[in-house]
Amino acid sequence: MENTSILKRISLANDYLQLIDEAGYELIDLNMVEPFKMENKNYHPDSIVFERNHQLFAMRSDWTRSILNYNNTFQLSQQKFGYFGPVLRQFNTQYQAGVELFQPSVTDIIESIELHINFVEKISESPFTILVVNNDVLLDMYIELYDLPDQVKSYVIDKNLSAMRDMLGEDHPFYQLMILPVSQQFDRVDEQFGESEPMQIIHRLKDKLPSSQTRFVLDLSFRSSQLYYNGFYFQAFLTSNTPILSGGQYAEGAFGIGINLSTGGLL
């Protein structure tokens, strides 16, 4: 790696950590090697696990899970944490910075997302091209509304529209919703569930975006590769297929945002 790339990453991390320090986040730096429980394997299938003195350990593969475990262990009073450091995924080192918020309000979440959007756009000197959002609860609401079988969930996630059509029929309103271009899903979902709690964050975030520079897309099939997210989730892209910002709700009342500071991300 060229010297300039290393220096740029350190500079970006420094600027970011100063920003969130001033915003009231407690900075945290955890050991790269951490205790490992087998139940966490479901969330981190690519963890590098080893045994030492009859105890399982793993190299950190995700900051969110590490900080959640740290907070649960020590019962910290602070509710807003910030971090920067490496994670190991698929035997590759990636650098990530971000924040974790415990028991945040909707306003806290929106302010944190806005803080990160402004930071990235200032550093990159360009607006985000697209911001994709979803809330897992919305799919559950549609399943309840139309009394749909649970199998529909896998069809939505896998974008298996042909199987959904065979099950529901091409005239079913949910199938008609799912075959719409994702650019049109927001308006249709908003007609039915616009006043619901799962749509609150989505509405607030949409209102915060610049009027015309960033495409705002609600995609009911959109899911994170990290299985612990269970509510609102988003990814923001500059020009490539790699998200620069991503984050969402997880556990019970927790919310996190990560910035990709690896090559191909913001770097």
Side-chain angles (χ1 to χ4, degrees), residues 41-46 62 64 89-90 106 109 113 128-209 211-251 255-256 258 260:
K41 194 70 175 177
N42 294 327
Y43 298 105
H44 306 293
D46 56 354
D62 183 86
T64 295
R89 291 177 181 163
Q90 298 178 346
V106 172
I109 292 173
I113 296 175
F128 283 99
T129 57
I130 184 170
L131 194 148
V132 186
V133 303
N134 190 21
N135 193 317
D136 282 354
V137 180
L138 290 171
L139 181 54
D140 292 329
M141 292 169 66
Y142 272 109
I143 287 175
E144 181 179 355
L145 175 66
Y146 293 122
D147 193 23
L148 301 174
D150 286 340
Q151 184 65 37
V152 167
K153 279 191 176 183
S154 63
Y155 293 159
V156 171
I157 295 170
D158 296 336
K159 299 183 185 292
N160 192 345
L161 295 178
S162 60
M164 188 186 303
R165 180 194 59 212
D166 293 342
M167 173 181 284
L168 303 179
E170 62 181 14
D171 294 328
H172 194 283
F174 185 70
Y175 174 73
Q176 290 296 315
L177 168 64
M178 294 308 302
I179 63 175
L180 284 175
V182 291
S183 60
Q184 299 177 26
Q185 280 193 12
F186 174 83
D187 290 337
R188 185 68 63 85
V189 174
D190 198 42
E191 289 176 4
Q192 293 179 292
F193 297 122
E195 300 300 321
S196 67
E197 184 175 341
M199 287 291 287
Q200 284 185 18
I201 296 177
I202 293 175
H203 269 287
R204 294 276 297 274
L205 180 56
K206 189 174 187 296
D207 292 341
K208 285 289 185 180
L209 288 178
S211 59
S212 61
Q213 299 193 60
T214 304
R215 287 182 59 212
F216 185 89
V217 173
L218 168 61
D219 182 356
L220 292 176
S221 66
F222 178 53
R223 292 294 185 281
S224 168
S225 58
Q226 305 293 350
L227 300 180
Y228 49 74
Y229 287 112
N230 58 9
F232 169 74
Y233 181 72
F234 79 96
Q235 287 186 343
F237 301 78
L238 286 173
T239 57
S240 69
N241 292 326
T242 301
I244 303 301
L245 282 180
S246 60
Q249 295 170 309
Y250 63 94
F255 179 82
N260 184 349

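Within the 4.5 Å cutoff, no side-chain heavy atoms of L131 are placed close to those of V217. For the pair F237/T242, no side-chain contact is recorded, criterion being any heavy-atom separation below 4.5 Å from C-beta on. Side-chain contact check for S162 versus N160: some heavy-atom pair is nearer than 4.5 Å. At a threshold of 4.5 Å between non-hydrogen side-chain atoms, the residues L161 and I179 count as touching. With contacts defined as side-chain heavy-atom distances shorter than 4.5 Å, the pair F234/S246 does not qualify. By the 4.5 Å heavy-atom criterion applied to side chains, V106 and R204 are counted as neighbours. Y155 is not listed as a side-chain neighbour of D166, based on a closest heavy-atom distance of 4.5 Å or more.
With sequence neighbours left out, the side-chain hydrogen bond (donor to acceptor under 3.5 Å, both in side chains) criterion links N260 to no other residue. Listed by chain and residue number, F186, M199, H203 satisfy the side chain to side chain contact (heavy atoms under 4.5 Å, CB included) test with D190 (two or more places apart in sequence, or in another chain). Residues passing the side-chain hydrogen bond (donor to acceptor under 3.5 Å, both in side chains) test with S221 are K159, D219, sequence neighbours excluded. The ring pair (Phe, Tyr, Trp, His ring centres under 6.0 Å) search around Y229 returns Y233, not counting sequence neighbours. By the ring pair (Phe, Tyr, Trp, His ring centres under 6.0 Å) test, F128 pairs with no residue at all, sequence neighbours left out. V137 is linked by a side chain to side chain contact (heavy atoms under 4.5 Å, CB included) to N135, M141, P198, counting only residues two or more places apart in sequence or in another chain. With sequence neighbours excluded, no residue forms a salt bridge (Lys or Arg N to Asp or Glu O under 4.0 Å) with D158. Judged as a side-chain hydrogen bond (donor to acceptor under 3.5 Å, both in side chains), and not counting sequence neighbours, the contacts of D140 are K153. Among residues two or more places apart in sequence or in another chain, the side chain to side chain contact (heavy atoms under 4.5 Å, CB included) test is passed with E170 by R165, Y175. Looking at residues two or more places apart in sequence or on another chain, you find a side chain to side chain contact (heavy atoms under 4.5 Å, CB included) between L177 and Y142, F174, L180, Q185, R188, V189, L220.
Between the CD1 atom in I109 and the CG atom in L205 there is a gap of 10.5 Å [rounded to 0.5 Å]. Taken from CD1 in I130 to CG in L238, the straight-line distance is 12.0 Å, to the nearest 0.5 Å. Atom CZ of F222 and atom CD1 of I157 lie 12.5 Å apart (nearest 0.5 Å). Once rounded to the nearest 0.5 Å, the distance linking CG of L139 with CG of L148 reads 8.5 Å. Atom-to-atom distance recorded for M178:CE and L168:CG is 11.0 Å, nearest 0.5 angstrom.
Other residues, nucleotides and ligands contribute at most 12 non-hydrogen atoms within 6.0 Å of the CD atom of E197.
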Given side chain to side chain contact (heavy atoms under 4.5 Å, CB included), test V132 with F216 step by step and report yes or no.
CA-CA 6 Å; V132 186; F216 185 89; over 6 Å; no

For F193 and L145, what are the C-alpha separation, side-chain angles and deciding distance, and is it a side chain to side chain contact (heavy atoms under 4.5 Å, CB included)?
CA-CA 11 Å; F193 297 122; L145 175 66; 3.9 Å; yes

For D187 and L218, what are the C-alpha separation, side-chain angles and deciding distance, and is it a side chain to side chain contact (heavy atoms under 4.5 Å, CB included)?
CA-CA 9 Å; D187 290 337; L218 168 61; over 6 Å; no

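A salt bridge (Lys or Arg N to Asp or Glu O under 4.0 Å) check over residues 223-244, counting only residues at least two apart or in different chains, returns the pairs D136-R223.
Side chain of T214 to main chain of T129: no donor-acceptor pair is present (N/O by atom type, distance under 3.5 Å, no hydrogens or angles).
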